[in-house]
Visitor: 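Handing you a structure now.
Counting starts at 1 for both ligands and their atoms, in listed order. For clarity, every value in this text was computed on a predicted model and none was experimentally measured.
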Amino acid sequence: MKIGVLTGGGDCPGLNAALRGVVYRAHTHGHQTIGFLDGWKGVRDGLSRPLTLAEMVGVTGTGGTILGSSRTNPFQKPEDVVKVEASLISAGVDALVAIGGDDTLSAALALHHRGGKVVGVPKTMDNDVNGTDWTFGFDSAASVAMEAAERLRDTARSHHRAIVLEVMGRHAGWVALATGLASGADFTLLPEEPYDETRLFAHVQRAVEARGYALIVTSEGIEVDAEKPSAGARDEFGHELLRERGVGAFLAKRIEVGTGVEARSAQIGHIQRGGPPTLFDRLLSLRLGAQAVDLVLEGRFGQVAVLRGEQVTGIPLEEALKSPKIVNSSWLDLLHTFDA
Ligand code: F6P
C-alpha cells in the first residue's frame, strides 16, 4: 500500500511526531508513505515526496511541520476538487491520512463523501475538536502562554500595573482557561462567558489594592461590545483573523479608563505555535499517527483517530466535526473557584 499524509491548517507542536507515528506504523506493516506538501494545497497541485524512516529520526521533539502547511480549502472551487482526486490517483495513493483541525478534517470528510479513502488525525492548539479528550499542540501552546503570563506578572509587580495577556484559541477558551488557571491570573476572559466589564474592573481593583498589580488573561475570541475593533479579514475557510482585532490592547485601555490603574497588554500570538512539543503532546501525536494507520489497515475510512481516556480509538469524522468543543461548566466552576 502507498499511504499519503498531509498536515493542514495552523501548525502546532507535535505534527512531526504524528508524521513519525504514521511513517513507522505503515513501515511496520510493509507499507510506503508519501507526504503531500503544504496541506491540501500539495494534494491539489500534485506536490509530494516519499517519507523515509531516516527522515523521521529526531523529529519527535521538533516544532512546525516538515511537510509545510496551508489554509488552502480544496473544496472552495469545483475545479480544485477534480484536481485533488486526479492528483491522488496519479500519485498512486491507496489511502490518505489528513492531519489537521476542523477545516482540514472537514475537507477530509467531503473527500470521504465522494468515495475517497481518507482518515483523519485531529491537531490544534485550540483543543476545540469534538470527540477527543485533548488535541496535540494544546498542551505545548498553553505551556508557552503560561510562562509568558508568569513573566508578565514579574513586570506588572515591579511597575504596579495591570497587564493583559491575549492568547489564541479562536472561539474556544481552552488556551485562556489553562493559562489563567496555571498562572494564577486575577481574571480570565473566555468566549464562553459574556463580557462583564464591571466584574473585570472589580477584580483589577481588588488585586491592585491587595498586591499592587493585576494579571489578566484573555482569549482572542471574546466578544466585547460595539466599540470592539473588528479585523474584517478572513481566511479561505471563512474564519475571521481574530488576533487582528487586538482585544488585549482594547481591554488594557478600558481598564485604565475604568479603574485608573496604569495598564499594558501583550499579545503572544504565533510564539504559542512554535517550539518543541511537551512530553504529553509528543506521546499523543505518536499514538494518534500510528492509530490513523491502524484505521486505514482496518478499512475504517471516514474515521478520525482520537484519545478517549487512556485509549486511542477511531470515531466518525462527522462526530468530531459536529460542533467545536468549548469550555464546559465544570471547568468554568473551577476557574471561578479562584475568583475570591
Ligand atoms: O487555529 C489555530 C490558531 O492559532 C488560532 O488560535 C488562531 O486564531 C489562528 O490559528 C491564527 O491563524 P493564522 O496562523 O492563519 O494567523
Side-chain angles (χ1 to χ4, degrees), residues 6-15 18 38-41 63-65 67-73 76 98-108 120-130 132 134-146 148-149 165-180 188-192 217-224 228-250 265-275 277-278 281 284-285 304 320-321 323-327:
L6 66 88
T7 54
D11 67 348
C12 68
L15 284 168
D38 300 338
W40 288 109
K41 183 171 181 287
T65 160
L67 286 180
S69 191
S70 71
R71 292 197 185 278
T72 301
N73 180 356
Q76 211 179 23
I99 306 176
D102 51 354
D103 296 332
T104 303
L105 297 179
S106 61
V121 174
K123 69 83 218 169
T124 168
M125 62 158 283
D126 302 339
N127 195 40
D128 61 352
V129 177
N130 243 308
T132 185
W134 303 101
T135 54
F136 67 79
F138 166 71
D139 188 63
S140 307
S143 299
V144 172
M146 172 189 73
L165 171 64
E166 178 189 321
V167 300
M168 284 183 169
R170 206 160 257 170
H171 298 292
W174 294 104
V175 180
L177 173 90
T179 306
T188 302
L189 295 97
L190 312 177
E192 287 83 354
V217 174
T218 184
S219 163
E220 64 177 358
I222 63 162
E223 291 301 332
V224 191
K228 161 211 79 166
S230 162
R234 288 178 185 272
D235 67 22
E236 275 196 25
F237 285 89
H239 301 298
E240 190 183 5
L241 304 182
L242 292 173
R243 65 187 296 274
E244 290 182 18
R245 302 186 311 160
V247 292
F250 174 82
S265 68
Q267 193 183 46
I268 183 172
H270 292 82
I271 294 170
Q272 289 157 106
R273 295 234 302 255
T278 57
D281 278 343
L284 181 57
S285 309
V304 57
L321 290 167
S323 57
K325 184 178 74 176
I326 57 171
V327 174

Visitor: Is D235 close enough to touch ligand 1? Criterion: a residue heavy atom under 4.0 Å from a ligand atom.
Guide: no
Visitor: Identify the two heavy atoms, one from E166 and one from R243, that lie closest to each other, and give their separation to 0.1 Å.
Guide: OE2-CA, 3.9 Å
Visitor: Give a yes or no on whether the backbone of I326 and the side-chain of E192 come within a donor-acceptor separation of less than 3.5 Å.
Guide: no
Visitor: List ligand 1 atoms under 4.0 Å from E220, heavy atoms only on the residue side.
Guide: 5 (C), 6 (O), 7 (C), 8 (O)
Visitor: Relative to ligand 1, is Q272 under 4.0 angstrom through side chain, backbone, both or neither, heavy atoms considered?
Guide: neither
Visitor: Which option wins on minimum heavy-atom distance to atom 9 (C) of ligand 1: R243, M125, R71?
Guide: R71
Visitor: So, does E220 use its side chain to make a donor-acceptor pair with the main chain of R170 at under 3.5 Å?
Guide: yes
Visitor: Output the list of atoms in ligand 1 that are nearer than 4.0 Å to some heavy atom of G169, sorted by atom number.
Guide: 6 (O)
Visitor: Under 4.0 Å, heavy atoms only, figure out whether ligand 1 is touched by the backbone of H270, its side chain, both or neither.
Guide: side chain
Visitor: For the pair N127 (side chain) and F138 (backbone), establish whether a donor and an acceptor sit closer than 3.5 Å, ignoring hydrogens and angles.
Guide: no
Visitor: Under 3.5 Å, side chain of R245 to main-chain N/O of I222, donor-acceptor pair present?
Guide: yes
Visitor: As a check for students: among E236, K123, E244, R273, identify the option with a heavy atom nearest to atom 3 (C) of ligand 1.
Guide: R273
Visitor: Classify the contact between D126 and ligand 1 as side chain, backbone, both or neither, using a heavy-atom distance cut-off of under 4.0 Å.
Guide: side chain
Visitor: Side chain or backbone of H239 under 4.0 Å from ligand 1, or both, or neither, by non-hydrogen atoms?
Guide: neither
Visitor: Would you say the side-chain atoms of N130 pair up with the backbone N or O of L321, donor to acceptor, closer than 3.5 Å?
Guide: no
Visitor: Do D102 and F237 make a side-chain contact, defined as non-hydrogen atoms from C-beta onward lying under 4.5 Å apart?
Guide: no
